[in-house]
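In what follows, a structure is listed as structure tokens, so that the remarks can point back to it.
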Amino acid sequence: QVQLVESGGGLVQLGDSLRLSCAASGSSFSSYTMGWFRRAPGKEREFVAAMIKTGALYYADSVKGRFTNSRDNAKNTVFLQMNSLKPDDTAVYYCAAKYLSALYSFADKYNYWGQGTQVTVSS
């Protein structure tokens, strides 16, 4: 099993940047596909980004070109660099882990979840 802890959220203004971190313990990230999801006010949880076990990266269309996902296996940490933030990015952001690489964009397929970190973007 693996435990996940997100950090790096905060209150920023339109156009600002944040970097979220997800630290893992209990197991190495090399054993999992890692994903990022977010839940905005009044909306369901949605896919943001993922890195499968091969290192391939995937992004939701809404964040492509602005967000960058990275992974440091030696530190058991994944990062989500968020640039050009917009008010629509306001949400609680979660990192998650799953055993298989398939269906990386489906929240229901992930086995482990962090507690989330709040990102608020004002205009």
Side-chain angles (χ1 to χ4, degrees):
Q1 63 177 10
V2 61
Q3 296 80 44
L4 306 174
V5 179
E6 302 97 335
S7 62
L11 174 63
V12 298
Q13 296 184 358
L14 173 68
D16 283 353
S17 298
L18 282 173
R19 190 179 77 161
L20 305 184
S21 299
C22 177
S25 62
S27 296
S28 172
F29 273 0
S30 64
S31 300
Y32 300 93
T33 285
M34 300 299 301
W36 289 95
F37 294 80
R38 67 187 183 186
R39 187 187 299 275
K43 295 185 177 181
E44 295 295 318
R45 183 171 50 192
E46 66 175 346
F47 169 73
V48 176
M51 177 181 289
I52 63 175
K53 295 177 182 179
T54 63
L57 300 173
Y58 301 91
Y59 299 94
D61 289 342
S62 60
V63 306
K64 194 174 299 181
R66 299 188 298 120
F67 291 11
T68 302
N69 192 25
S70 61
R71 177 172 178 170
D72 188 335
N73 287 334
K75 298 180 179 179
N76 266 353
T77 303
V78 295
F79 305 95
L80 185 67
Q81 178 67 44
M82 306 186 296
N83 298 326
S84 301
L85 285 164
K86 304 181 293 185
D88 285 348
D89 296 317
T90 295
V92 177
Y93 284 72
Y94 302 88
C95 65
K98 67 194 300 290
Y99 296 115
L100 302 178
S101 297
L103 304 177
Y104 56 83
S105 64
F106 291 83
D108 290 346
K109 303 303 181 181
Y110 281 75
N111 304 102
Y112 304 101
W113 291 84
Q115 294 298 311
T117 185
Q118 176 71 49
V119 173
T120 303
V121 185
S122 62
S123 59

Shortest non-hydrogen contact between Cys22 and Met34, atoms and distance
SG-CE, 4.3 Å
Reported CD1-to-OH distance for the pair Ile52 and Tyr58, which is rounded to 0.5 angstrom:
4.0 Å
Can you tell me if CD on Gln115 sees more than 12 non-hydrogen neighbours from other groups inside 6.0 Å?
no
Around atom NZ of Lys53, are there more than 12 heavy atoms from other residues, nucleotides or ligands closer than 6.0 Å?
yes
Between the CG atom in Leu11 and the CD atom in Gln13, the distance rounded to the nearest 0.5 Å is 8.0 Å
Between Pro87 and Leu14, the two heavy atoms sitting closest are CD-CD1, 3.7 Å
Rounded to the nearest 0.5 Å, the CG atom of Asp89 sits from the CZ atom of Arg38 at a distance of 5.0 Å
Distance (rounded to the nearest 0.5 Å) between Asp88 CG and Leu85 CG
11.0 Å
For Tyr32, run the ring-ring contact (aromatic ring centres under 6.0 Å, His included) check against Tyr104, Tyr99, Tyr110 and tell me which one passes.
Tyr99
Look up atom OG in Ser122 and atom NZ in Lys86, then write down how far apart they are to the nearest 0.5 Å.
15.0 Å
What verdict does the side-chain contact (heavy atoms from CB on, under 4.5 Å) test give for Arg19 and Met82, after you've listed the backbone C-alpha separation in whole Å, the side-chain angles of each residue and the deciding distance to 0.1 Å?
CA-CA 6 Å; Arg19 190 179 77 161; Met82 306 186 296; over 6 Å; no
Check whether Leu57 and Tyr93 end up in the same hydrophobic cluster, where Ile, Leu, Val, Met, Phe, Trp and Tyr are linked by side-chain heavy atoms less than 4.5 Å apart.
yes
Which is it for Gln1 and Tyr112 under the side-chain contact (heavy atoms from CB on, under 4.5 Å) test, yes or no, and what are the steps along the way?
CA-CA 8 Å; Gln1 63 177 10; Tyr112 304 101; 3.6 Å; yes
Among Thr68, Val48, Leu18, which residue meets the side chain to side chain contact (heavy atoms under 4.5 Å, CB included) test with Leu80?
Val48
Please name the pair of heavy atoms, one in Leu103 and one in Lys109, separated by the smallest distance, quoted to 0.1 Å.
CD1-CE, 3.6 Å
Nearest non-hydrogen partners of Gly114 and Tyr94, listed with the distance:
O-CD2, 3.6 Å
Stepwise side-chain contact (heavy atoms from CB on, under 4.5 Å) test for Val2 and Asn76:
CA-CA 11 Å; Val2 61; Asn76 266 353; over 6 Å; no
Close side-chain approach of Arg39 and Glu44, heavy atoms under 4.5 Å:
yes
So which atom in Trp113 and which in Phe37 form the shortest heavy-atom distance, rounded to 0.1 Å?
CH2-CD1, 3.5 Å
Would you compute the distance between atom OG of Ser31 and atom NZ of Lys98 and round it to the nearest 0.5 angstrom?
13.5 Å
Whether Thr90 side chain and Val121 backbone form a donor-acceptor pair below 3.5 Å:
yes
Hey, mind stepping through Asn83 and Ser17 against side-chain contact (heavy atoms from CB on, under 4.5 Å) and telling me if it holds?
CA-CA 4 Å; Asn83 298 326; Ser17 298; 2.9 Å; yes
Taking every heavy atom of Leu4 against every heavy atom of Ala24, the minimum-distance pair comes out as CD2-CB, 3.8 Å
What I want to find out is whether Lys64 reaches Asp61 closely enough, with some N-O distance under 4.0 Å, to be called a salt bridge.
yes
Please tell me whether Trp36 and Tyr59 are part of a single hydrophobic cluster in this structure, the criterion being side-chain heavy atoms less than 4.5 Å apart.
yes
